[in-house]
Trainee: 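Take this structure, written in structure tokens, and hold onto it; I'll ask about it next.
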Amino acid sequence: MIPPKQTPECESVRTRLEDRAKFVRLETVRLSRIAGAGHYTSSFSAAELFAALYYSVMNYLAAEPKWADRDRFVLSKGHAAIGLYPVLADVGFFPESALDDYTRLGSPFGDHPDMKKIPGIDFSSGSLGHGLSIAVGMALAGRVGARPYRTFCMLGDGELHEGQVWEAANAAGHYRLGKLVAIVDRNRLCIDGFTDDVMSVEPIEDRFAAFGWQAHRVDGHDVGALLDLFDALPDDPDGPPQVIVADTVKGRGVKLMEYNPDWHVGNLVGTDYDDVIAELQAGLRPLEVVK
């Protein structure tokens, strides 16, 4: 792991990103209440990743969502869109008030994102396991069109059970898509339980490396480490594709949800809702990692 830089400017950036990660979690809880249920834990594990990408790493113009040279983002684990939508609103892709009728009749915002209806969405997800293939296509298109953009793809670790992911990984290595960055949200749980109980996915770095990728591993909740790693990634269009394995906690930030498969989808009601809001407002506790 690359140690975070220790400068006042970096401290300010880290504080900002930690605040935006808290915002992602709080908004996920609010939107789930509107919908009557939501994917809390999948969004909570990705909160710092969303914050790092959209507030510091990615190159885009919110006022011009189809800008040809924008960095692309493929949310392959599309059920975490409830955590991405608030970020897109916050940076200006659409008004924040547009989320107030989330999933209601007529709203463009569903459980999974629709690229034809929502500015800032580059991929319409649904069935999981397809995102990396789409990202490979985007990266190849950038090469053919001589565009400078990078393509980022966030996968859940449960998606690594899908054969299509590894076909895409093979293709990316073969074509040396150096502008492609895959991010594995390694939160150790999928809808069927603990990922490695369903089917082992480790050693993730070695498996990607076998297909010609350059692999990195990082604490996915440490925004300083994330920024340093993103900053250190090579930008060689003909180099190896890059994969970041981000060790995270599914449900991070809410004790009753952390590593709890019952909260893959759920609904907070009554005092439970108020208690979770209070816990999130108080900030993250020291991390208890399950290996």
Side-chain angles (χ1 to χ4, degrees), residues 1-2 45-46 49-50 52-53 56-59 68-78 80 122-123 125 127-188 190 195-196 198-220 222 225-248:
M1 182 184 301
I2 302 172
S45 65
L49 294 167
F50 286 149
L53 287 167
S56 188
V57 174
M58 287 176 54
N59 188 27
D69 289 339
R70 74 191 185 280
D71 287 342
R72 273 60 169 173
F73 180 64
V74 174
L75 183 61
S76 191
K77 48 171 283 179
D122 291 316
F123 170 60
S125 64
S127 177
L128 302 188
H130 304 311
L132 190 58
S133 296
I134 298 297
V136 166
M138 290 178 176
L140 281 169
R143 172 178 290 170
V144 171
R147 296 291 184 183
Y149 66 77
R150 290 189 295 178
T151 302
F152 296 86
C153 178
M154 184 185 294
L155 304 104
D157 55 357
E159 287 188 271
L160 302 187
H161 296 152
E162 302 273 0
Q164 182 174 340
V165 170
W166 299 107
E167 291 182 58
N170 188 26
H174 171 78
Y175 291 112
R176 293 185 64 81
L177 298 179
K179 290 284 192 176
L180 175 62
V181 181
I183 304 162
V184 178
D185 183 2
R186 180 67 168 119
N187 63 27
R188 292 174 170 73
C190 59
T195 310
D196 287 342
V198 177
M199 186 180 298
S200 175
V201 297
E202 294 287 1
I204 300 174
E205 303 103 298
D206 291 348
R207 294 182 185 197
F208 273 92
F211 287 111
W213 292 60
Q214 185 174 358
H216 315 267
R217 196 142 194 162
V218 69
D219 179 345
D222 184 335
L226 286 171
L227 291 183
D228 286 348
L229 177 52
F230 279 118
D231 187 57
L233 291 180
D235 192 25
D236 179 0
D238 298 313
Q242 304 292 311
V243 60
I244 295 172
V245 182
D247 286 305
T248 62

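All figures in this text were calculated on a predicted structure; none of them were measured in a lab.
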Trainee: What heavy-atom pair brings Ala168 and Val136 nearest, and what distance separates the two atoms?
Mentor: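 Looking at all heavy atoms of both residues, the closest pair is O-CG2, 3.6 Å.
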Trainee: To check you understand the geometry: which heavy-atom pair defines the closest contact between Arg143 and Pro237, and what is its length?
Mentor: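 Looking at all heavy atoms of both residues, the closest pair is NH2-O, 3.0 Å.
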Trainee: Of all heavy-atom pairs between Ser133 and Gln164, which one has the smallest distance, and what is that distance?
Mentor: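 Nearest pair, atom of Ser133 first, then Gln164: OG-NE2, 3.0 Å.
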Trainee: Side chains of Leu160 and Arg207: does their closest heavy-atom pair fall under 4.5 Å?
Mentor: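 No, every pair of side-chain atoms sits at 4.5 Å or beyond.
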Trainee: Are Lys179 and Asp235 within salt-bridge range, i.e. N to O under 4.0 Å?
Mentor: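 Between Asp235 and Lys179 there is a salt bridge, with a charged N closer than 4.0 Å to a carboxylate O.
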Trainee: Using side-chain heavy atoms (C-beta onward) and a distance below 4.5 Å, is Leu53 in contact with Ile183?
Mentor: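 Touching, per the 4.5 Å side-chain cut-off.
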Trainee: Measure from the side-chain N and O atoms of Asp71 to the backbone N and O of Arg150, and report whether any donor-acceptor pair falls under 3.5 Å.
Mentor: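 Indeed, once roles are kept as given, a pair shorter than 3.5 Å links the two residues.
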Trainee: Any side-chain to backbone donor/acceptor pair from Tyr149 onto Gly142? Under 3.5 Å, distance only.
Mentor: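 Answer holds: yes.
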Trainee: Return the minimal non-hydrogen interatomic distance between Ser76 and Ser125, and the atom names on each side.
Mentor: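 Heavy-atom minimum between the residues: O-CB, 4.4 Å.
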Trainee: Using the six-membered ring wherever Trp is involved, compare the ring planes of Phe208 and Trp166 and label them parallel, tilted or perpendicular (cut-offs 30° and 60°).
Mentor: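 Phe208 vs Trp166 ring planes: tilted.
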Trainee: Can you find a pair of side-chain heavy atoms, one from Asp247 and one from Arg188, that are under 4.5 Å apart?
Mentor: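 Asp247 vs Arg188: side chains touch.
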Trainee: So, Asp238 side chain and Gly178 main chain: donor-acceptor pair closer than 3.5 Å or not?
Mentor: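 Flag not set: sc Asp238 to bb Gly178 has no pair under 3.5 Å.
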Trainee: How long is the straight-line distance from CZ of Arg70 back to OG1 of Thr151, given to the nearest 0.5 Å?
Mentor: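 The OG1 atom of Thr151 sits 9.5 Å away from the CZ atom of Arg70.
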Trainee: Rounded to the nearest 0.5 Å, what separates atom CH2 in Trp213 from atom CG in Asp206?
Mentor: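 Between Trp213 CH2 and Asp206 CG, I get 15.0 Å after rounding to 0.5 Å.
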Trainee: Should we say atom OH of Tyr175 is surrounded by more than 12 heavy atoms from elsewhere, each under 6.0 Å from it?
Mentor: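 Counting neighbours around OH of Tyr175, 12 or fewer heavy atoms of other residues, nucleotides or ligands fall under 6.0 Å, so no.
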Trainee: Which atom pair, heavy atoms only, marks the closest approach of Glu202 to Glu205?
Mentor: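 It is OE1-OE1, 4.1 Å.
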Trainee: Side chains of Ile244 and Leu233: closer than 4.5 Å at any heavy-atom pair?
Mentor: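 A side-chain contact exists here, since the closest heavy-atom pair is under 4.5 Å.
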Trainee: Considering all heavy atoms of both residues, which atom of Asp185 and which atom of Ser45 are nearest to each other, and what is their separation?
Mentor: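 Smallest interatomic distance, heavy atoms only, reads OD2-OG, 2.6 Å.
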Trainee: Could you give the distance from CG (Leu140) to CG (Leu180), rounded to the nearest 0.5 Å?
Mentor: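 The CG atom of Leu140 sits 9.0 Å away from the CG atom of Leu180.
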Trainee: Only counting residues at least two apart or in another chain, list the ones meeting side chain to side chain donor-acceptor pair (under 3.5 Å) with Ser56.
Mentor: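 If we apply the side chain to side chain donor-acceptor pair (under 3.5 Å) test to Ser56, skipping adjacent residues, there are no hits.
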Trainee: Roughly how far apart are Asp236 CG and Gln214 CD, rounded to 0.5 Å?
Mentor: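 One gets 10.0 Å once the value is rounded to the nearest 0.5 Å.
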Trainee: Please check this pair: side chain of His161 against backbone of Met199, looking for a donor-acceptor N/O pair closer than 3.5 Å.
Mentor: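 At least one qualifying donor-acceptor pair exists.
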Trainee: As an exercise, state the distance from CZ of Phe230 to NE2 of His216, rounded to the nearest 0.5 Å.
Mentor: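 With rounding to 0.5 Å, CZ (Phe230) is 10.0 Å from NE2 (His216).
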Trainee: Quick test of your reading: applying salt bridge (Lys or Arg N to Asp or Glu O under 4.0 Å), list the pairs with at least one residue in residues 153-176, sequence neighbours left out, ordered by first then second residue.
Mentor: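 Passing the test, one end in residues 153-176: Asp157-Arg186.
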Trainee: In Å and rounded to the nearest 0.5 Å, what is the CE to CG distance from Met154 to Leu49?
Mentor: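 It is 4.5 Å, given to the nearest 0.5 Å.
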